[in-house]
Amino acid sequence: MNRVRLRSLPVAALALAALMATAAPAAQAAPEAVAAAPDIPLANVKAHLTQFQSIATANGGNRAHGRTGYKASVDYVKAKLDAAGYTTALQQFTSGGATGYNLIADWPGGDPNQVLMAGSHLDSVTSGAGINDNGSGSAAVLETALAVSRAQLTPDKHLRFAWWGAEELGLVGSKYYVNNLATTERSKLAGYLNFDMIGSPNPGYFVYDDDPVIEQTFKDYYAGLSIPTEIETEGDGRSDHAPFKNVGVPVGGLFSGADYTKTSAQAQKWGGTAGQAFDRCYHSSCDTTANINDTALDRNSDAVAHAIWTLSAGTVTPPTGTVFSNATDVSVPDNGAAVTSSVAVTGRTGNAPTALKVGVDIKHTYRGDLVVDLLAPDGTAYRLKNSSSSDSADNVIATYTVNASGEIANGTWKLQVRDVAAQDTGYIDSWQLTF
């Protein structure tokens with residue numbers, strides 16, 4: 001996962017907003033009859049990590065973009081997939097004067113108009129081998145793809161896997177892929193699952209809160225293990241799901257934590273050490289094969305497979321409720337006062353639900369500038385999104401879940417947005433409440 005990006009980096013993505021009219025189909029949940037995903041052998045995942053470590057050791061200590069270690073990592077993954085019956089393709093791009101590569105692998109069969117995609121970035125930073133960041137995600141996605149081959153899976157949806165280059169330089173590879181995917185092909189993407197850092201040595205269990213069906217798929221898996229999860233916030237907009245999300249593709253994923261500090265409450269429910277970073281070796285030379293928590297890697301790898309098996313099968317429509325929405329544009333002044341957009345909720349009885357869904361579509365050229373709140377009819381504010389100087393992606397297109405059970409349902413609810421920094425502009429495109 002990349003740490004900070006300059007404001008100039010996401011320029012290529014700005015042109016994508018105009019293509020939002022071609023909306024991708026919503027990710028679909030699978031019927032209950034879906035066959036269970038196989039257990040992903042931890043030993044196999046760790047064997048891939050050992051190979052990534054050996055590649056880094058033999059190539060200057062890293063697997064960074066433009067370095068021999070990255071290309072050797074790509075070649076290793078590609079050889080495994082070719083032998084397993086995938087159709088693979090290398091997509092070349094240039095960043096910083098060096099050639100980069102995305103590796104794309106398609107499993108034969110499935111509906112070509114409903115493509116479920118899973119990916120991870122394969123590059124490391126220059127300071128180390130990048131075994132947790134992001135050998136862990138890359139190895140889990142690879143082993144899941146190989147499990148698909150071993151099972152000779154025949155999913156309803158078409159399966160595509162990807163390993164991205166130059167993520168650490170600002171999501172360069174994934175942005176290039178999305179930018180160069182024809183609009184008609186982009187509209188076929190039923191969902192994109194991202195796995196960036198899933199073996200952190202002091203791990204948390206974080207789930208992206210973007211597409212509700214993908215989110216619930218992961219939550220259901222962990223609920224079956226009696227493992228509590230939290231919404232992922234540390235890496236929001238900082239990994240390869242962001243370019244897909246910005247053009248309306250349903251996204252989701254898993255994360256085990258980077259350089260944020262584990263709280264006492266998190267240590268109590270997950271174990272590990274409070275007051276210590278989830279990954280003390282984040283972006284450092286000590287991010288080696290010794291920097292992996294086997295239990296987290298094992299659980300998360302199995303969760304990857306569970307999501308692939310579940311979401312690639314069936315066509316059940318996501319559950320819906322009563323929707324109240326406002327599609328009137330509201331300009332958000334640059335570094336100015338907060339603005340609001342209102343939704344009048346009527347015909348409800350009692351209080352709002354414990355899982356009130358707040359769908360937000362804000363077009364903005366630097367989403368890190370934005371603070372977003374939901375205001376209940378009595379004025380109570382529920383924080384949906386904080387500002388972040390490291391969140392340089394475009395747009396806020398997300399569904400948030402709010403425990404609003406203390407609020408009367410009927411009344412005027414408001415989405416409040418404030419731009420807290422200069423230079424970038426945007427507007428509230430639309431938003432909705434689902435009861």
Side-chain angles (χ1 to χ4, degrees), residues 17 20-21 23 26 208-216 219 230-233 236-237 245-246 248 250-251 317-388 391 393-421 424-435:
M20 287 296 294
Y208 296 11
D209 66 335
D210 295 294
D211 179 76
V213 172
I214 298 174
E215 177 187 353
Q216 195 61 48
K219 286 183 173 179
E230 289 186 10
I231 297 302
E232 195 283 306
T233 58
D236 194 17
K245 178 177 175 178
N246 289 341
V251 302
T317 302
T320 59
T322 303
V323 177
F324 301 88
S325 62
N326 187 338
T328 301
D329 293 352
V330 177
S331 294
V332 178
D334 185 28
N335 196 20
V339 296
T340 61
S341 175
S342 299
V343 164
V345 175
T346 60
R348 307 296 297 177
T349 58
N351 287 7
T354 57
L356 177 64
K357 298 295 184 181
V358 187
V360 176
D361 186 342
I362 303 170
K363 302 300 193 298
H364 198 276
T365 53
Y366 196 94
R367 54 173 281 144
D369 290 355
L370 300 180
V371 176
V372 184
D373 293 290
L374 174 68
L375 303 183
D378 67 357
T380 301
Y382 295 85
R383 179 58 49 87
L384 304 180
K385 177 191 175 300
N386 286 311
S387 60
S388 172
D391 187 1
D394 305 325
N395 308 327
V396 180
I397 303 173
T399 300
Y400 300 94
T401 302
V402 172
N403 183 352
S405 58
E407 308 291 342
I408 299 298
N410 286 339
T412 300
W413 296 73
K414 296 178 181 180
L415 185 73
Q416 177 176 279
V417 181
R418 184 184 175 198
D419 184 329
V420 299
D424 291 84
T425 59
Y427 61 96
I428 302 173
D429 189 323
S430 63
W431 73 286
Q432 66 181 34
L433 294 173
T434 305
F435 284 80

Task: Shortest non-hydrogen contact between Arg383 and Val372, atoms and distance - done: CD-O, 3.5 Å
TODO: Evaluate the criterion side-chain contact (heavy atoms from CB on, under 4.5 Å) for residue pair Lys219 and Ile231; output intermediate values, then yes/no.
DONE: CA-CA 10 Å; Lys219 286 183 173 179; Ile231 297 302; 3.9 Å; yes
Task: Lys245 and Asp210 ion-paired at < 4.0 Å - done: yes
Open item on the list: I'd like to know if the side chain of Ser341 pairs up with that of Trp431 as donor and acceptor (distance under 3.5 Å, no hydrogens or angles considered).
Closed with: yes
Open item on the list: Rounded to the nearest 0.5 Å, what separates atom CG in Asp329 from atom CD1 in Ile362?
Closed with: 11.5 Å
Task: Least distance between heavy atoms, Val345 atom then Trp413 atom - done: CG2-CD1, 3.4 Å
Open item on the list: Counting C-beta onward and ignoring hydrogens, is there a side-chain heavy-atom pair between Glu407 and Tyr382 closer than 4.5 Å?
Closed with: yes
Open item on the list: Within the structure provided, determine whether Asp209 and Tyr400 are in side-chain contact (heavy-atom separation under 4.5 Å).
Closed with: yes
Open item on the list: Using the rule side-chain contact (heavy atoms from CB on, under 4.5 Å), only one of Thr434, Thr401, Thr399, Leu374 pairs with Val358; which is it?
Closed with: Leu374
Task: Polar side-chain atom of Asp373 near backbone of Leu375 as donor-acceptor pair, under 3.5 Å - done: no
Task: Main-chain N/O of Ile397 paired with Asn395 side-chain donor or acceptor, under 3.5 Å - done: no
Task: Whether over 12 other heavy atoms sit under 6.0 Å from Lys414 NZ - done: no
Open item on the list: Is there a side-chain contact between Lys357 and Val402 in this structure, where contact means two heavy atoms from C-beta onward sitting under 4.5 Å apart?
Closed with: no
Task: Heavy-atom check, side chain of Ile428 versus side chain of Val332, under 4.5 Å - done: yes
Task: Heavy-atom pair of closest approach, residues Ala404 and Leu356 - done: CB-CD2, 3.9 Å
Open item on the list: If I compare all heavy atoms of Phe435 with all of Pro353, which pair ends up nearest, and what's the gap?
Closed with: CD2-CD, 3.4 Å
Open item on the list: What I'd like to find out is whether the side chain of Val371 reaches to under 4.5 Å of the side chain of Leu384, using heavy atoms alone.
Closed with: no
Open item on the list: As an exercise, state the distance from OG of Ser342 to CZ of Phe324, rounded to the nearest 0.5 Å.
Closed with: 14.5 Å
Task: Donor-acceptor pair, side chain of Asp369 and main chain of Val420, under 3.5 angstrom - done: no
- [ ] Decide yes or no for Gln416 and Val339: does some side-chain heavy atom of the first lie under 4.5 Å from some side-chain heavy atom of the second?
- [x] no
Task: 4.5 Å side-chain heavy-atom contact, Lys385 and Arg367 - done: yes
- [ ] For the residue pair Ile214 and Tyr208, establish whether any side-chain heavy-atom pair is separated by less than 4.5 Å.
- [x] no
Open item on the list: Applying the side-chain contact (heavy atoms from CB on, under 4.5 Å) criterion to Val396, which one of Asp361, Asn246, Leu370 satisfies it?
Closed with: Leu370
Task: Spacing of CG belonging to Asp419 relative to CG belonging to Asp334, to within rounding of 0.5 Å - done: 5.0 Å
Open item on the list: How close do Ser430 and Ala327 get, counting heavy atoms only, and between which atoms?
Closed with: CB-CA, 3.8 Å
TODO: Indicate the atoms forming the closest heavy-atom contact of Asn326 with Thr328, along with that distance.
DONE: OD1-N, 2.9 Å
TODO: Kindly state each residue pair satisfying side chain to side chain donor-acceptor pair (under 3.5 Å) with at least one member in residues 343-354, sequence neighbours excluded.
DONE: Thr322-Arg348
